[in-house]
Amino acid sequence: MPLFPIDNQPLADVSAARAAHAPVALITGGNVGIGRVTAIALAQAGYQVVIAGRSLERTQPVLDQIRSLALGPEALFLPLDLASLSSVRECAGQFKSLNLPLHLLINNAGVAGLRGKTVDGFEMAFGVNHLGHFLLTHLLLPDLTASGPARVVTVSSRAHKRTAGIDWDALQSPTRSWTGIDEYAVSKLANLLFSAELARRTQGTGVSCYSLHPGVVDTEIWRALPDWARPLLRWRGLITAEEGAQTTLHCALHAPVSESGLYFAKSQVAHTAPLGQDKALAQQLWARSEEWVKP
Ligand SMILES: NC(=O)c1ccc[n+]([C@@H]2O[C@H](COP(=O)([O-])OP(=O)(O)OC[C@H]3O[C@@H](n4cnc5c(N)ncnc54)[C@H](OP(=O)(O)O)[C@@H]3O)[C@@H](O)[C@H]2O)c1
C-alpha cells in the first residue's frame with residue numbers, strides 16, 4: 001500500500017512514510033498565494049516538496065517555514081520562468097537530475113492582467129498559464145508515469161466561462177484587451193481543456209488529472225489590474241489563500257481516480273462552460289501546443 005495520501009489512503013503513519021522515501025510533489029509558483037499554502041500543506045501531508053519559481057529569494061521564507069516544521073526531507077527550489085520555454089526545459093532537466101520520483105505535479109503559477117508577449121512570442125497569459133505548463137507537464141510525464149499512481153493538478157478558474165472561444169491568431173500577438181482579463185479567460189479555458197485531454201491520454205497509465213477553480217482569492221494575482229478594477233473583486237467577496245488552497249489539496253490528496261479529467265470547485269466536481277466539454281477544441285489546442293513548444 002502506498003504510504004502517501006493518494007487515493008484516499010489515510011496517513012496512518014507519516015513517520016514510516018518518511019523513513020522510507022516521502023512521495024514527491026512539484027508545484028509551480030509556491031512562493032506566495034494559493035501555491036504557498038498548498039506547498040506547506042503538502043509538506044505537512046508527508047510530501048517532499050519541490051517549488052519551481054522565478055526567485056529563490058522570494059521562495060526562501062516558504063522553504064524555511066517547511067524546514068522549521070521539521071517535516072521529513074528538505075523542500076527544494078528549482079528556477080522556472082514559465083514565460084520562457086527554454087527555462088521550462090531547464091527546470092524539467094534539473095528536476096530529472098535530482099533522480100527523484102514524481103507523484104504529484106501542481107500547475108499552479110499564473111498571471112492575470114499582465115500584458116505583452118512571452119520570450120517565445122506568445123500572448124502573456126496564454127504563454128505563462130497554459131503553454132509553459134503544457135511543456136512542463138509533457139517533459140515530466142515520463143517521471144509521473146514511472147512513479148504511478150501519480151496526479152497532475154492544474155489550477156484553472158471559473159473565469160474560463162468568460163470567453164466565447166479561442167482566437168488562435170491572438171495567441172501569438174501581444175495582449176489586446178485593456179485589462180488582460182479576456183486573455184486570462186482564454187488561458188484558463190486552455191488549462192481546463194488541457195487537463196481533460198491529458199486525462200484522456202493518460203487513462204490506464206496510473207496518472208490522473210484534475211483542474212479546478214480555487215474561488216476568488218485575496219492574493220497578489222490581482223496586482224497587475226488597474227486600480228479601478230480592484231473594488232469590483234472585493235465586492236465579489238474574496239476568500240483567504242488558506243481557503244483558496246482547499247480545492248487544489250482536495251484534487252491532490254482526495255479526489256478519486258474515477259474523477260480524473262473533471263473540473264472542481266469548492267472541493268467538488270463542478271460544471272464547466274460548454275466550451276470546457278469540447279473534445280475537438282481540446283484536441284486542437286493539444287496539437288497546436290505540441291507544435292508551439294517544439295524546440
Ligand atoms: N486569486 C484568485 O482569485 C484566483 C481565482 C481563480 C484562479 N486563480 C489561479 O490560482 C493560481 C495561483 O494564483 P494566486 O491567486 O495564488 O496568485 P499569486 O499570489 O499572484 O501567485 C502566482 C504565482 O505564480 C507565479 N508566477 C507568475 N508568473 C510566473 C512565471 N512567468 N513563471 C513562474 N512563475 C510565475 C508567481 O511568482 P512570482 O512571485 O515570481 O510572481 C506566484 O508564485 C493561478 O493559476 C491563478 O490563475 C486564482
Side-chain angles (χ1 to χ4, degrees), residues 26-41 50-63 77-92 106-120 122-133 135-136 153-162 180-181 183-192 194-195 211-225 229-230 232-249 251 263-266 270:
L26 189 153
I27 179 165
T28 64
N31 58 310
V32 289
I34 297 165
R36 182 183 204 277
V37 176
T38 306
I40 293 167
V50 181
I51 299 177
R54 287 191 288 190
S55 161
L56 173 59
E57 197 186 349
R58 290 201 300 278
T59 307
Q60 194 63 54
V62 188
L63 302 177
F77 172 80
L78 290 178
L80 169 69
D81 182 355
L82 288 159
S84 158
L85 296 175
S86 68
S87 168
V88 175
R89 282 188 201 95
E90 276 169 36
C91 178
I106 305 206
N107 292 323
N108 164 80
V111 291
L114 196 63
R115 305 176 75 248
K117 279 169 108 174
T118 65
V119 173
D120 308 279
F122 295 94
E123 191 285 317
M124 186 61 82
F126 180 80
V128 171
N129 298 354
H130 167 69
L131 207 56
H133 282 128
L135 177 58
L136 185 67
V153 177
T154 301
V155 184
S156 175
S157 168
R158 76 174 179 205
H160 81 272
K161 298 182 180 181
R162 290 172 50 101
I181 289 299
E183 288 79 1
Y184 178 71
V186 171
S187 76
K188 291 289 135 181
L189 174 64
N191 283 156
L192 196 158
F194 160 66
S195 179
S211 66
L212 66 113
H213 169 61
V216 185
V217 190
D218 194 359
T219 67
E220 293 182 25
I221 197 143
W222 309 113
R223 66 194 143 191
L225 286 183
R230 288 164 186 260
L232 292 176
L233 290 171
R234 299 213 175 272
W235 174 73
R236 298 283 295 274
L238 294 175
I239 60 174
T240 64
E242 283 70 22
E243 292 166 326
Q246 293 313 308
T247 304
T248 301
L249 290 167
C251 292
Y263 165 79
F264 290 71
K266 295 185 177 169

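Every number for a ligand or one of its atoms is a count from 1 in the order of the listing. Since we're looking at a predicted model, the values are computed, not measured.
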Would you say the side-chain atoms of His133 and Thr154 include a donor-acceptor pair closer than 3.5 Å? no
May I ask whether Thr28 places a heavy atom under 4.0 Å from ligand 1? no
Does Glu242 have any side-chain hydrogen bond (donor to acceptor under 3.5 Å, both in side chains) partners at least two apart in sequence or in another chain, and if so, which? none
So with a 6.0 Å cut-off around CZ of Arg115, is the heavy-atom count from everything else above 12? yes
Val216: numbered ligand 1 atoms lying under 4.0 Å from its heavy atoms: 3 (O)
Residue-ligand contact Ser156/ligand 1, heavy atom below 4.0 Å: yes
Ligand-residue contact atoms, ligand 1 with Ser157, heavy atoms, under 4.0 Å: 6 (C), 7 (C)
Atom indices of ligand 1, in the order listed, that fall short of 4.0 Å to a heavy atom of Val155: 9 (C), 10 (O), 11 (C), 45 (O)
Quick one: does Gly53 get an N or O within less than 3.5 Å of an N or O on ligand 1? no
Close-contact set for ligand 1 against Ala109 heavy atoms, below 4.0 Å: 24 (O), 25 (C), 26 (N), 34 (N), 35 (C), 45 (O)
Counting each atom of ligand 1 from 1 as listed, which ones have a heavy atom of Gly33 under 4.0 Å away? 16 (O), 19 (O)
I'd like to check which ligand 1 atoms, numbered from 1 as shown, lie under 4.0 Å from a non-hydrogen atom of Tyr184. 6 (C), 7 (C), 8 (N), 9 (C), 46 (C), 47 (O)
Is the shortest distance from a heavy atom of Arg158 to ligand 1 less than 4.0 Å? no
Would Pro214 count as a polar contact of ligand 1, with the cut-off being nitrogen or oxygen pairs under 3.5 Å? no
Distance (rounded to the nearest 0.5 Å) between Ile51 CD1 and Leu80 CG: 12.0 Å
Just heavy atoms, cut-off under 4.0 Å: does Lys188 contact ligand 1 by side chain, backbone, both, or neither? side chain
Specify the closest pair of heavy atoms between Thr219 and Ala241, including all atoms of both residues, with the distance to one decimal. CG2-CB, 4.5 Å
Between Arg158 and Val216, does the side chain to side chain contact (heavy atoms under 4.5 Å, CB included) criterion hold? Intermediate values first, please. CA-CA 9 Å; Arg158 76 174 179 205; Val216 185; 3.4 Å; yes
Nearest to atom 31 (N) of ligand 1, what protein heavy atom do you find, and at what distance? Asp81 OD1, 2.9 Å
Among Val128, Asn108, Val32, closest by any non-hydrogen atom to atom 11 (C) of ligand 1: Asn108
Does the side chain of Val37 reach to within under 4.5 Å of the side chain of Glu243, using non-hydrogen atoms? no
I want to know if ligand 1 touches Ile221 in the polar sense, i.e. an N/O pair below 3.5 angstrom. yes
Reported NZ-to-CZ distance for the pair Lys117 and Phe126, which is rounded to 0.5 angstrom: 13.5 Å
Before signing off on this row, confirm whether His213 and ligand 1 have an N or O atom pair separated by under 3.5 Å. no
Quick one: does any side-chain atom of Thr118 pair with a main-chain N or O of Ser84 as donor and acceptor, under 3.5 Å? no
Test of proximity, Asn129 against ligand 1: N or O pairs below 3.5 Å: no
Measuring from Arg89:CZ to Leu135:CG, what's the distance to the nearest 0.5 Å? 5.0 Å
Kindly indicate whether the side chain of Ser211, heavy atoms from C-beta on, has any atom under 4.5 Å from the side chain of Asn191. no
Answer with yes or no whether Ala83 contacts ligand 1, where contact means a heavy atom under 4.0 Å from a ligand atom. yes
Pairwise side-chain contact, Tyr263 with His160, heavy-atom cut-off 4.5 Å (strictly under): yes
Numbering as shown, the atoms of ligand 1 that approach Gly110 to under 4.0 Å (heavy-atom distance): 22 (C), 24 (O), 27 (C), 44 (C), 45 (O)
For ligand 1, does Arg58 get within less than 4.0 Å through its side chain, its backbone, both, or neither, judged by non-hydrogen atoms? side chain
When you compare the side chain of Ile181 with that of Arg162, does any pair of heavy atoms fall below 4.5 Å? yes
Measuring from atom 30 (C) of ligand 1, which candidate in Leu82, Thr118, Val217 has the nearest non-hydrogen atom? Leu82
So between Val62, Val88, Thr219, whose heavy atom ends up nearest atom 14 (P) of ligand 1? Thr219
At less than 4.0 angstrom from any non-hydrogen atom of Leu80, what atoms of ligand 1 do you find? 32 (N), 33 (C)
Residues two or more places apart in sequence or in another chain: which of them pass side-chain hydrogen bond (donor to acceptor under 3.5 Å, both in side chains) with Ser157? none
Determine whether any heavy atom of Gly244 lies closer than 4.0 Å to an atom of ligand 1. no
